[in-house]
There are 2 protein chains.
Amino acid sequence: MATLPKALTELIEALGQLPGVGPRSAERYAYFLLKVSKDKSIKLSNALERLHSGVKTCPKTFALIDADQEVSPLYDDNDRDKTIVALVADAFDIIALEKTSLYRGTYHVLGGLISPIDGIGPEQLHIPELKKRIKEDGVKEIILATNASVEGETTALYIQQELEKIDDLKITRLARGLPIGVDLEYADQITLGRALEGRQSL
Amino acid sequence: MATLPKALTELIEALGQLPGVGPRSAERYAYFLLKVSKDKSIKLSNALERLHSGVKTCPKTFALIDADQEVSPLYDDNDRDKTIVALVADAFDIIALEKTSLYRGTYHVLGGLISPIDGIGPEQLHIPELKKRIKEDGVKEIILATNASVEGETTALYIQQELEKIDDLKITRLARGLPIGVDLEYADQITLGRALEGRQSL
């Protein structure tokens, strides 16, 4: 016999499909939506309904854009320097870089990282489109802004090798080193090693 | 300038309203729903839409039931003993007790626990309805199945005092003691104290 109403069981199941949400969390969310706020669940329902029709991928940079936009505003804007391109694994990495307010170049989303375990090879990444942009926009610098993980480093190395034949193209990558606010004694040895290798003269 | 499409920002905001979901988790869920599966977001959207119209509260037990049900099937069923009532704080506690498959009585949901800090007094709990059930159904045993927390114990004590005037009504509560699989040396001292007090002869 069902101990919960069907509508609630279905919601718990649907919420349980989200990454990292177990049955207990799904129950908690469902209970909250049921008990605390009808408005919130209607708002969430509408947002979900509009999600796929409201979002598309920029054909140039592969960033996520509004369905009625042609290309990413982060590319289209005249204030952004099209000759500098930060290469990121996925569209959400752009948010992190934009939050620094320090970057005035453009972005290119690879759409993943090379990972043989997950069956992702370089041919699945948006590398041909990047090469096209380099030619068309006269790109002068590619910033490899992939994660400091094995997959991120592998992908960065692969792309470096792919692009180093191109004349007058500077390839850089985000600095590795001590995170701000972290004591030297608490830094892991790999990070500390990289910080030492990449030491800067003052 | 917006770094994310509006439809996505709205979804992240709506997901961020769920209890314990921070902006990073909300982003991860939204990205998952966008990238991994359109079906899943439609399913979740529909489940949310149907939630409030599909669920109501049982007028007898205050359990959650389907909108088209009269009373809770856990009350209505002839196999359930209406003379035994387990008193729980909220509707979700029923799931936990049902999972044991050991209980054949019925339930009564209090709708909360007495908590002066949260402004919840006994008058907000479904105690009058419980008294009515005791009379109408000839209830013989009330099992106090509230949490082993301060609020749970306070509520249990209050209800015990309210009901002990009623003739021929046995009031019991869930045993406190060592959780199964836990080593004695790792049990906290309050639990161990309760286990000692409630020791059973063999």
Side-chain angles (χ1 to χ4, degrees), chain A residues 1-15 17-21 25 27-38 40-56 63-67 69 72-74 77 79-80 90-92 94-95 97-99, chain B residues 1-15 17-21 25 27-38 40-56 63-67 69 72-74 77 79-80 90-92 94-95 97-99:
Chain A
M1 196 187 313
T3 51
L4 278 181
K6 201 162 151 271
L8 197 55
T9 312
E10 281 173 4
L11 179 61
I12 292 170
E13 263 168 36
L15 287 167
Q17 304 276 311
L18 294 173
V21 176
S25 298
E27 265 177 40
R28 199 155 50 101
Y29 299 161
Y31 193 50
F32 170 85
L33 288 165
L34 181 67
K35 203 170 177 181
V36 181
S37 171
K38 185 170 176 171
K40 283 197 173 69
S41 45
I42 294 301
K43 213 175 135 190
L44 183 54
S45 169
N46 291 340
L48 282 160
E49 209 173 278
R50 281 193 301 263
L51 177 64
H52 284 86
S53 56
V55 177
K56 67 174 189 184
L64 297 171
I65 56 175
D66 287 341
Q69 288 173 328
S72 168
L74 297 173
D77 188 351
D79 282 352
R80 313 292 302 213
D90 71 52
F92 276 68
I94 295 175
I95 312 172
L97 285 163
E98 281 299 294
K99 275 183 188 154
Chain B
M1 193 188 311
T3 51
L4 278 181
K6 201 162 151 271
L8 197 56
T9 312
E10 281 172 4
L11 178 61
I12 292 170
E13 263 168 35
L15 287 167
Q17 304 275 310
L18 294 173
V21 176
S25 298
E27 265 177 41
R28 199 155 50 101
Y29 299 161
Y31 192 50
F32 170 84
L33 288 164
L34 181 67
K35 204 171 177 182
V36 181
S37 172
K38 185 171 176 172
K40 283 197 173 68
S41 45
I42 294 302
K43 213 176 134 189
L44 183 53
S45 169
N46 292 340
L48 283 160
E49 210 174 276
R50 280 194 302 262
L51 178 64
H52 284 86
S53 57
V55 177
K56 67 173 190 185
L64 297 170
I65 57 175
D66 287 340
Q69 288 174 327
S72 168
L74 296 174
D77 189 350
D79 282 353
R80 312 291 303 212
D90 71 50
F92 276 69
I94 295 175
I95 311 171
L97 284 163
E98 280 299 294
K99 276 184 188 152

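Note that the structure is predicted; figures quoted are calculated from it, not measured. Convention: sequence-line order gives letters A, B, ...; per-chain numbering from 1.
- The candidate from Gln17(B), Glu10(B), Arg50(B) with the greatest count of non-hydrogen atom pairs under 4.5 Å with chain A is Gln17(B).
- Lys6(B) touches chain A through backbone and side chain together, each having a heavy atom under 4.5 Å away.
- Between chain A and the residues Glu27(B), Gln69(B), Lys99(B), the most heavy-atom pairs under 4.5 angstrom are made by Glu27(B).
- Interface summary for chain B: among Leu15(A), Leu33(A), Val21(A), the most heavy-atom pairs under 4.5 angstrom belong to Leu33(A).
- Using a 4.5 Å cut-off between heavy atoms, Phe32(B) contacts chain A through its side chain alone, with no backbone atom that close.
- The most heavy-atom pairs under 4.5 Å with chain A, out of Ala14(B), Ala7(B), Ser45(B), come from Ser45(B).
- With rounding to the nearest 0.5 angstrom, the CG atom of Leu44(B) is 12.0 Å from the CD atom of Glu13(A).
- Using a 4.5 Å cut-off between heavy atoms, Ile12(B) contacts chain A through its side chain alone, with no backbone atom that close.
- Between Leu18(B) atom CG and Lys40(A) atom NZ the span is 9.5 Å, to the nearest 0.5 Å.
- Highest contact tally toward chain A, considering only Leu64(B), Leu34(B), Val55(B), is held by Leu34(B) [criterion: heavy-atom pairs under 4.5 Å].
- Smallest separation of non-hydrogen atoms from Asp90(A) and Lys35(B): CB-NZ, 4.5 Å.
- Side-chain contact between Ile42(A) and Leu48(B): absent, with no pair of heavy atoms (C-beta onward) separated by less than 4.5 Å.
- Note: Thr9(A) OG1 to Ile95(B) CD1 = 8.0 Å, rounded to the nearest 0.5 Å.
- With a threshold of 4.5 angstrom between heavy atoms, Ile65(A) approaches chain B through N, CA, C or O but not through any side-chain atom.
- In this structure, CG in Leu4(B) is found 8.5 Å from CD1 in Ile94(A), a value given to the nearest 0.5 Å.
- Between chain B and the options Gly54(A), Ala67(A), Gly20(A), Ser41(A), the largest number of non-hydrogen pairs under 4.5 Å is found for Ser41(A).
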